[in-house]
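To start, the structure under review is shown below, and the notes come after it.
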Number of protein chains: 2
Amino acid sequence: MTRKKPDASEASTERLALYTAASRAAGIRLTPQRLEIFRVLAATESHPDAEAVHRAVQRVMPTVSRDTVYRTLWRLHDMGLVATLGPSRDRVRFDTNVGPHHHLVCLGCGLVQDFVSATLDGLALPPGVSQWGRVYDTQVEARGLCLACLKAGRATRETTQEKASDER
Amino acid sequence: MTRKKPDASEASTERLALYTAASRAAGIRLTPQRLEIFRVLAATESHPDAEAVHRAVQRVMPTVSRDTVYRTLWRLHDMGLVATLGPSRDRVRFDTNVGPHHHLVCLGCGLVQDFVSATLDGLALPPGVSQWGRVYDTQVEARGLCLACLKAGRATRETTQEKASDER
DNA sequence: CTCTATGCAAAAGCTTTGCACGCCA
DNA sequence: TGGCGTGCAAAGCTTTTGCATAGAG
């Protein structure tokens, strides 16, 4: 029998193996708490916040604390095994540009630069998307390092909650 | 003489006019505080957070309070005159999908759905981008309303800090 | 003159940190 | 056994809210 979608539990097992392997390689201890957090993360297909992960973990292991969840999440993040949604993890930032435009996000300093591109404005999405709902606009988010951060040799994946101070 | 880039101060004036016109149309009072906040926002080409706006406003009008800045920002946001960076304004959310994929963001409930598209994975960016730095990956963020929110007649621009409860 | 907007201060979240104890390697 | 990791509790931040007063229309 052919399988249409690559069974989610397969991906889950694979991800779990990835987490444990990477942890071992990095010399990070595989405590039961971490293993359970790994399991929850590996199984999720959504984009949970720390509290959602904590709740899910607590269903199986009620003594796990919030801090451990946070610490584990950021550790995986530092290892590049999970990402965060949106350009930055800190406070809300506003965009006064209402017209169509796209973003260059610097992973080093957190600065976001606008750019325009007529080609990217009217991007065609795959047909399946219409089953999700109605899309009003699409925006491209390109992530990398700006020249200053490249020269400073700043790491791509730094925690970077420093300045990125705005408003000249 | 030809002008290469459309003078920033032009766009600024234009935006300021937009803010005041929209406010008047919505019956929102044009207090000096709001006008100053409008001026700051209209002039910025970056993506300031609330505090950056507050600092900039205070340089001219030292008595303005943080709350007023927040309230004004969200009001403009509700009118669709400023946007926020990233899919949601609330807490940090994590993405366990490390492979190339794109996001469908529902403006109604805040849920983010992944989708894949080989065409979108290797998007060509405009040549000018190379002067910004080095781009490691690009992701498309499509914003709209999911079926559930469409049926519920939920507004596109609602403040929406409700559930969007994750984890199945 | 009415009714909205402002400022202040306190509350409310979410997230991080210091510290002593416990447990993996 | 030596250190890293965990829990707890408290601190830190950003953002929101209640309320009395001031000011726009």
Side-chain angles (χ1 to χ4, degrees), chain A residues 19-21 23-38 47-55 57-58 60-79 82 84-86 88-94 110 159-167, chain B residues 19-20 23-38 47-55 57-58 60-79 82 84-86 88-94 110 159-166:
Chain A
Y19 296 161
T20 57
S23 298
R24 248 190 288 267
I28 290 172
R29 293 184 183 167
L30 291 174
T31 64
Q33 290 91 328
R34 288 221 251 252
L35 283 173
E36 187 52 38
I37 295 170
F38 288 178
H47 305 87
D49 55 38
E51 205 206 315
V53 175
H54 186 215
R55 275 199 309 270
V57 170
Q58 281 201 315
V60 175
M61 197 182 276
T63 62
V64 177
S65 69
R66 231 169 311 123
D67 341 294
T68 299
V69 173
Y70 274 107
R71 284 186 280 232
T72 304
L73 282 169
W74 288 124
R75 223 166 229 273
L76 287 176
H77 180 259
D78 290 346
M79 295 194 287
V82 307
T84 55
L85 247 42
S88 78
R89 48 178 280 208
D90 42 12
R91 56 211 102 157
V92 185
R93 290 198 283 168
F94 296 86
T159 320
T160 305
Q161 60 237 71
E162 34 228 75
K163 51 205 67 219
S165 167
D166 236 296
E167 206 49 49
Chain B
Y19 296 162
T20 57
S23 297
R24 249 190 287 267
I28 290 173
R29 292 184 183 168
L30 292 174
T31 65
Q33 290 91 328
R34 286 221 253 253
L35 283 174
E36 186 51 39
I37 295 170
F38 287 176
H47 305 86
D49 57 38
E51 205 206 316
V53 176
H54 186 216
R55 274 198 310 270
V57 170
Q58 280 202 315
V60 175
M61 198 182 277
T63 61
V64 177
S65 70
R66 229 169 311 123
D67 340 293
T68 299
V69 172
Y70 274 107
R71 283 186 280 233
T72 304
L73 281 169
W74 288 124
R75 224 168 229 274
L76 287 176
H77 180 259
D78 290 346
M79 296 194 287
V82 307
T84 55
L85 247 42
S88 78
R89 48 178 281 209
D90 41 13
R91 56 211 101 157
V92 185
R93 288 198 284 168
F94 296 88
T159 319
T160 307
Q161 63 237 65
E162 33 228 78
K163 53 203 67 221
S165 166
D166 235 294

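The sequence lines fix the lettering, A, B, ..., with proteins before strands; numbering per chain opens at 1. Just so it is clear, the model here is predicted, and its values are computed rather than measured.
Residues passing the side-chain hydrogen bond (donor to acceptor under 3.5 Å, both in side chains) test with T68(A), sequence neighbours excluded: S65(A). For E51(A), the side-chain contact (heavy atoms from CB on, under 4.5 Å) partners are D49(A), R55(A), R91(B), not counting sequence neighbours. With sequence neighbours excluded, no residue satisfies side-chain hydrogen bond (donor to acceptor under 3.5 Å, both in side chains) with T20(B). Here F38(A) pairs with Y19(A) under the ring pair (Phe, Tyr, Trp, His ring centres under 6.0 Å) rule; sequence neighbours left out.
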Output side-chain donor-acceptor pairs under 3.5 Å for residues 25-35 of chain B, partner residues at least two apart or in another chain, one line each.
unit_1	atom_1	unit_2	atom_2	d
T31(B)	OG1	R34(B)	N	3.2
R34(B)	NE	R29(B)	O	3.0
R34(B)	NH2	R29(B)	O	3.4

Reading nucleotides 18-25 of chain C from the 5' end, what letters show protein touch, with B for base, S for backbone sugar-phosphate only, - for no heavy atom under 4.0 Å?
B-----BS

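If you check every strand for non-hydrogen atoms under 4.0 Å, S65(A) touches a base. No contact: R24(B) has no heavy atom under 4.0 Å from any strand.
The terminal axes of the helix from dC1(C)-dG25(D) to dA25(C)-dT1(D), fitted over 5 pairs per end, subtend an angle of 40° to the nearest 10°.
Judged by distance alone, the side chain of H54(B) and the main-chain N or O of V64(B) form a donor-acceptor pair under 3.5 Å.
The phosphate of dG23(D) (OP1 or OP2) has no side-chain N or O of Q33(B) nearer than 4.0 angstrom. An OP1 or OP2 oxygen of dT15(D) is reached within less than 4.0 angstrom by a side-chain nitrogen or oxygen of Y70(B).
Each of T63(B) and R66(B) lies near DNA chain C, and the nucleotide nearest T63(B) is the one positioned closer to the 5' end.
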